[in-house]
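In the text below, chain A, chain B and the rest are named by the order of the sequence lines, each starting its count at 1.
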Amino acid sequence: VIALQSDPIRTEAVLQAVCGDSNGAISLFLGTVRNVNQGRNVRGLEYHAYGEMAEREMSALRQTALERFDITSVAIVHRVGPLAIGDTSVAIAVSAPHRGASFEACRWIIDTLKKTVPIWKKEFFEDGETWIEGRPEGQGSSDSGH
Amino acid sequence: VKIEVRYFASLAETTGKASEVIEVDEQSDVRSLWKLLTERYGALAELHYRPLVACDMQYCDWTESLRGVREVAFLPPVSGG
């Protein structure tokens, strides 16, 4: 399962998508909306995506992870549109015969997603709004996230 | 040739639009298209970073030729997750 959606993420469905009898482990990562960023109180935020390209990039991530790690299946779901504090913005589930690979792959996928998938976050504060921008390529990933 | 140019996030606010069709000559590359855009939108020339660029939804270099390309997107550093 690879999806960009404006509806809330149903964690159960994401887990269901990677279930299988050969699995000994499933790792689930959830990114959630935090109420403070760089010292400012966040009221809510909005994700915008280059939809078709973002889905392609997420599919490519999934494919690379399947080749690179000893895992069985991968599901990646990202929200777009307005989100409230505490909402799940991204869910990544990885199943594998053993937990080591599922943890590693899950970590690799979220770290890479934050650098490569064309999605942007706009934060709304009590006194304004601002686009959050990751660091330009080659300077490491944004530290403003989860 | 006509190219569909797309802008995202802060770049869409800078240009005031999400997309537009731009006419370029066939020998153009991404860099020459960007130069043309910075002439049209002065604020693009003052960005503190160089946008990422995708031709037909694939990340590419600034030296990428626009021959056969239908859509070019300029992307601020991404911040999903």
Side-chain angles (χ1 to χ4, degrees), chain A residues 4 29-34 37 45-61 76-80 83 88-92 107 109-123 129-146, chain B residues 2-22 29-31 33-35 37-38 41-81:
Chain A
L4 270 183
F29 172 81
L30 299 179
T32 58
V33 178
R34 198 174 49 217
N37 192 17
L45 51 74
E46 217 171 274
Y47 281 97
H48 290 235
Y50 183 1
E52 209 181 323
M53 181 176 170
E55 290 194 348
R56 281 190 197 197
E57 288 291 320
M58 291 195 295
S59 296
L61 272 184
I76 309 173
V77 181
H78 202 297
R79 287 283 297 275
V80 288
L83 273 76
T88 297
S89 55
V90 60
I92 297 169
R107 173 76 193 238
I109 292 167
I110 182 61
D111 288 351
T112 312
L113 177 150
K114 290 171 78 77
K115 288 182 228 169
T116 64
V117 178
I119 299 176
W120 299 270
K121 173 163 63 176
K122 187 180 215 176
E123 287 182 339
E129 57 187 59
T130 185
W131 282 104
I132 304 301
E133 283 165 355
R135 300 226 181 100
E137 252 180 323
Q139 295 173 38
S141 63
S142 163
D143 60 1
S144 66
H146 310 290
Chain B
K2 288 190 164 78
I3 304 264
E4 165 111 11
V5 179
R6 300 185 65 176
Y7 309 100
F8 288 91
S10 59
L11 291 180
E13 288 181 3
T14 302
T15 60
K17 55 187 72 164
S19 70
E20 65 185 321
V21 174
I22 301 268
D29 60 7
V30 169
R31 195 157 24 194
L33 171 61
W34 181 252
K35 186 162 180 292
L37 297 172
T38 55
Y41 308 102
L44 291 183
E46 289 158 26
L47 295 177
H48 64 282
Y49 61 87
R50 196 156 80 146
L52 299 167
V53 52
C55 288
D56 291 331
M57 301 189 200
Q58 301 268 15
Y59 283 117
C60 63
D61 291 330
W62 284 65
T63 52
E64 183 92 355
S65 160
L66 295 183
R67 194 179 298 270
V69 170
R70 286 165 37 195
E71 179 175 300
V72 175
F74 291 100
L75 317 171
V78 303
S79 56

- line: Honestly, the part of A:His78 sitting under 4.5 Å from a heavy atom of chain B is side chain
message: Counting only non-hydrogen atoms closer than 4.5 Å, does A:Ala49 touch chain B with its backbone (N, CA, C, O), its side chain (CB onward), both, or neither?
response: backbone
- prompt: Counting heavy-atom pairs under 4.5 Å to chain B, which of A:Glu57, A:His48, A:Arg79 comes out on top?
  reply: A:Glu57
field: Pair A:Asp111 + A:Lys115: basic N to acidic O under 4.0 Å
entry: no
- request: Run the salt-bridge test on B:Glu13 and A:Lys122 with the 4.0 Å N-O cut-off and return the result as yes or no.
  value: yes
- request: Could you please spell out the steps behind the ring-ring contact (aromatic ring centres under 6.0 Å, His included) verdict for A:Trp120 and A:Tyr47?
  value: CA-CA 6 Å; A:Trp120 299 270; A:Tyr47 281 97; over 10 Å; no
query: Would B:Glu4 and B:Arg70 satisfy salt bridge (Lys or Arg N to Asp or Glu O under 4.0 Å), going step by step from the backbone distance to the final call?
result: CA-CA 6 Å; B:Glu4 165 111 11; B:Arg70 286 165 37 195; over 6 Å; no
